Enquirer: 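Sharing a structure with you now.
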Amino acid sequence: MKKIYFISIFLILFSGTNFSHGKIGYNSGLDRTISFPDTEDYLTLSTDLHTHSVFSDGHVWPNIRVAEAQKDSIDVLAITEHLEYQPHINQIPHEDRNSSYVEAKKSASGSDLIVINGSEITREMPPGHINAVFVKDANKLHNMDPKLLPEAKELIEERAQGAELPEEEMRVIENYALGNLWPALEALVEAKKQGAFVFWNHPMWGSQAPDGIARLDEMHKEFIEKGLLHGIEIVNTNTYSEEAFNIALENNLALIGTSDVHNLIEWDYDASKNEHRPITLVLAKERNEESIKEALFARRTVVVFKDKLMGKSENLIPLLESIMSISSNGYTKGTQILKMEIKNNSSANMVLQNLSDVNFSNNDDLITIPKNGKINLQVKTLENLESLNLKFKVLNALTAPKENPIVEFRIKT
Ligand SMILES: [Zn+2]
Ligand SMILES: [Zn+2]
């Protein structure tokens, strides 16, 4: 009797499945697609190059990161675990620091998502946290020598804050402190040997920059001089740094924006409020790892953060020209009023200020074109023209802090 009871429970639990509850993802009914058009010369690929999973201090398995990226229509994903800070190492022991990449890659197989291998080299300031992406072997970017434990004492005490912690928690802190003793310079030299693209993470992070100001330390300057640092986050999660933007422009570093997500993307960015994660658009020649890497090293990036597009003008202007298109619907009969349509082919609401000589009969000079939408404009041209130039300042785009780009369109009436 007992046996039959047990078997029926077993059948109820597992009937109709292959013992797997592994199908991931759910349908919230909301479209989370993030899309930006290709430019005339390049493919526009959306990337999130800084995320975490349970293989460091994130809260999800890597396959969830993959599913989220697919829902957001991201083209390129890197899961960049802290090599030295491993709070789940007792519960999820893994010798191989490439593990989350291996899991994510497996989970993305057969899909369009490009998963690349990356790591977060995690240090106190300076230099703080640094991401290396396109690494070949993350294990070689990490080194701790237990014999140096006495040298790590100060950092261990600081992290433990005098608390009597369980042995397992102490091990996490000790590993972090030991990892910190290995000079970041040596990790970056190894990253360079592997051909990795390297950027400074959240230089404006309150924990490491209490006034929120990003500043280059002598150590960062040395990394840049030696060609070991190629980019800087000007956007991380919900933070933006004008100072980091300036540092990028002054030192020819690639502009990077990332989610640095630890929770669920959907918890951090609510699609019902039109939110999406910060991304870096990479202008690549082809849709493959080699091309994406080439584009990053060539600094061909545009950061998208809360409907703002940030990039050097040589990257941003061609993108803006692809995002917006203007067409004429001819003159209203018997008038000098030209009917025009402006389309926005992107996931950002575009905000334009009219700088042309002409103005509009159905709008003031401030124009908002909804994402993936269009608006009609009636232009008072005063005489019936064959063609017309329109000039706009793009208020939701920045080529430098506080500097908005200007775009011009030539329209055949
Ligand atoms: Zn970090
Ligand atoms: Zn991080």
Side-chain angles (χ1 to χ4, degrees), residues 50-65 79-104 118-132 135 138-188 190 200-212 217 219 233 236-239 258-265 267-268:
H50 187 174
T51 70
H52 294 274
S53 82
V54 286
F55 283 89
S56 63
D57 60 347
H59 308 298
V60 303
W61 196 257
N63 62 350
I64 300 294
R65 289 284 166 258
I79 306 183
T80 50
E81 310 293 7
H82 297 284
L83 293 168
E84 303 79 0
Y85 181 53
Q86 296 266 317
H88 305 312
I89 196 75
N90 296 302
Q91 296 77 19
I92 306 171
H94 57 286
E95 282 296 308
D96 185 0
R97 293 291 196 273
N98 301 294
S99 298
S100 71
Y101 165 68
V102 172
E103 285 297 318
S119 292
E120 183 161 7
I121 298 160
T122 311
R123 295 287 184 281
E124 300 292 296
M125 279 290 264
H129 298 187
I130 293 175
N131 262 11
V135 301
N139 298 313
K140 292 186 176 151
L141 303 181
H142 170 237
N143 190 359
M144 54 176 194
D145 181 355
K147 288 200 296 293
L148 299 178
L149 205 56
E151 278 182 52
K153 201 171 158 247
E154 202 180 316
L155 186 53
I156 292 168
E157 279 170 6
E158 191 187 305
R159 301 284 287 198
Q161 292 181 322
E164 278 283 325
L165 295 173
E167 198 184 317
E168 286 195 340
E169 280 181 49
M170 278 313 289
R171 197 177 311 138
V172 169
I173 291 176
E174 284 169 8
N175 287 351
Y176 170 73
L178 284 173
N180 254 267
L181 289 179
W182 194 47
L185 176 70
E186 289 185 38
L188 295 196
E190 173 59 32
W200 182 15
N201 298 340
H202 45 70
M204 65 298 241
W205 183 32
S207 300
Q208 295 194 326
D211 58 4
D217 184 88
M219 197 187 281
E233 284 183 347
N236 175 287
T237 319
N238 275 316
T239 58
T258 67
S259 72
D260 196 2
V261 66
H262 290 72
N263 296 312
L264 290 167
I265 277 284
W267 288 357
D268 290 357

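Along the sequence shown, residues are numbered consecutively beginning with 1. All values derive from a computational prediction rather than experimental measurement.
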Enquirer: Can you see which heavy atom on A138 is nearest to which on L83, and at what distance?
Expert: O-CD2, 4.0 Å
Enquirer: Taking the six-membered ring for Trp, are H82 and H52 parallel (under 30°), tilted (30 to 60°) or perpendicular (over 60°)?
Expert: parallel
Enquirer: Would you give the length of the straight line joining atom CD1 of I156 to atom CG of L149, rounded to the nearest 0.5 angstrom?
Expert: 4.5 Å
Enquirer: Do we see a donor-acceptor contact under 3.5 Å between the side chains of Q86 and H94?
Expert: yes
Enquirer: Check the side chains of N143 and E186 for a donor-acceptor pair under 3.5 angstrom, ignoring hydrogens and angles.
Expert: no
Enquirer: Can you give me every donor-acceptor pair (side chain of residues 166-177, partner residue at least two apart or in another chain, under 3.5 Å) with its distance?
Expert:
| unit_1 | atom_1 | unit_2 | atom_2 | d |
| --- | --- | --- | --- | --- |
| R171 | NH1 | N90 | OD1 | 2.7 |
| Y176 | OH | E124 | OE2 | 2.4 |
| Y176 | OH | N180 | ND2 | 3.4 |

Enquirer: If I compare all heavy atoms of V261 with all of L264, which pair ends up nearest, and what's the gap?
Expert: CG2-C, 4.2 Å
Enquirer: Closest heavy-atom contact between N263 and V60?
Expert: O-CG1, 4.4 Å
Enquirer: To the nearest 0.5 Å, what is the distance between CZ (R123) and CD1 (I130)?
Expert: 8.5 Å
Enquirer: Decide yes or no for I265 and S259: does some side-chain heavy atom of the first lie under 4.5 Å from some side-chain heavy atom of the second?
Expert: yes
Enquirer: Any idea which heavy atoms bring I79 and R65 closest together, and the distance?
Expert: CD1-CB, 3.8 Å
Enquirer: At their closest point, which heavy atom of Y85 faces which heavy atom of S56, and how far apart are they?
Expert: O-CB, 3.7 Å
Enquirer: Would you give the length of the straight line joining atom OG of S53 to atom NE2 of H262, rounded to the nearest 0.5 angstrom?
Expert: 10.0 Å
Enquirer: Would you find a donor on one side and an acceptor on the other, under 3.5 Å apart, between the side chain of S207 and the backbone of W205?
Expert: no
Enquirer: When you measure from the side chain of E190 to the backbone N and O of L141, does any donor-acceptor pair fall under 3.5 Å?
Expert: no
Enquirer: Is N63 close to E103 at the side-chain level, that is, under 4.5 Å between some pair of heavy atoms?
Expert: no
Enquirer: When H50 is tested against each of H129, E233, H202 for side chain to side chain donor-acceptor pair (under 3.5 Å), which residue passes?
Expert: E233
Enquirer: For the CG atom of N98 and the CD atom of E81, what is their distance to the nearest 0.5 Å?
Expert: 11.0 Å
Enquirer: Could you tell me if the side chain of F55 sits less than 4.5 Å from the side chain of P62, heavy atoms only?
Expert: yes
Enquirer: Let me know which of N236, N201, T239, T237 forms a side chain to side chain donor-acceptor pair (under 3.5 Å) with D260.
Expert: N236
Enquirer: What is the distance from atom CG of D217 to atom CE of M125, rounded to the nearest 0.5 Å?
Expert: 6.5 Å
Enquirer: Give the minimum heavy-atom separation between P127 and M219, together with the two atoms involved.
Expert: CD-SD, 3.4 Å
Enquirer: For L178 and L181: C-alpha separation, side-chain torsions, deciding distance, then whether side chain to side chain contact (heavy atoms under 4.5 Å, CB included) applies.
Expert: CA-CA 5 Å; L178 284 173; L181 289 179; 4.3 Å; yes
